[in-house]
Amino acid sequence: MAQVLRDPGEGQRVAVTVAVAATMLSLSPWQVRKLIADGKLRARNTGKAYIIPVHAISEFLDGSDAPLRHPDSP
């Protein structure tokens with residue numbers, strides 16, 4: 001069974017909380033929630049909180065570095 005860790009220094013991670021993901025990505029928790037809401041970062045909603053698989057963070061980081069453009073921009 002996967003273990004959710006709250007502290008990034010706790011050992012091998014399988015899934016992390018929004019706060020830990022924010023630390024790992026050098027973002028704010030709000031920005032991580034926005035990435036989840038926009039479908040750019042996979043996460044599972046447990047009803048009270050999100051848990052984010054560590055491999056989803058790796059997939060996000062391995063994604064394109066091309067800047068995202070608004071569909072209405074020229």
Side-chain angles (χ1 to χ4, degrees):
M1 181 175 184
Q3 179 183 5
V4 177
L5 304 177
R6 297 185 186 282
D7 179 6
E10 286 184 18
Q12 185 177 0
R13 300 171 203 97
V14 176
V16 295
T17 62
V18 168
V20 173
T23 300
M24 293 171 72
L25 293 168
S26 298
L27 298 172
S28 71
W30 180 88
Q31 290 169 308
V32 172
R33 286 187 197 91
K34 177 90 169 99
L35 289 171
I36 294 168
D38 291 346
K40 296 176 183 172
L41 180 63
R42 290 186 307 106
R44 178 149 324 219
N45 187 341
T46 65
K48 287 181 135 183
Y50 287 104
I51 56 171
I52 304 156
V54 173
H55 68 272
I57 295 171
S58 296
E59 289 172 3
F60 172 76
L61 292 174
D62 291 340
S64 173
D65 287 337
L68 296 174
R69 299 181 62 77
H70 191 277
D72 295 336
S73 66

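The nearest pair of heavy atoms linking I57 to A21 is CD1-CB, 3.9 Å.
Sorted by first and then second residue, the salt bridge (charged side-chain N to carboxylate O under 4.0 Å, His left out) pairs involving residues 14-27 (not counting sequence neighbours) form an empty list. Counting only residues at least two apart or on different chains, the salt bridge (charged side-chain N to carboxylate O under 4.0 Å, His left out) pairs with a member in residues 26-36 are K34-D38.
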Return a table of donor-acceptor pairs under 3.5 angstrom between the side chains of residues 42-49 and protein atoms on other chains or two or more places apart.
unit_1	atom_1	unit_2	atom_2	d
R42	NE	E59	OE1	3.3
R42	NH2	H55	NE2	3.1
R42	NH2	E59	OE1	3.2
N45	OD1	G47	N	2.7
T46	OG1	A49	N	3.2
T46	OG1	A49	O	2.8

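Atoms CD1 and CG, from I52 and L35 in turn, are 9.0 Å apart once rounded to the nearest 0.5 Å.
Two residues are said to be in side-chain contact when any heavy atoms from C-beta on lie closer than 4.5 Å; V32 and Y50 fail this criterion.
Every residue two or more places apart in sequence or in another chain that forms a side chain to side chain contact (heavy atoms under 4.5 Å, CB included) with S28 is listed here: W30, Q31.
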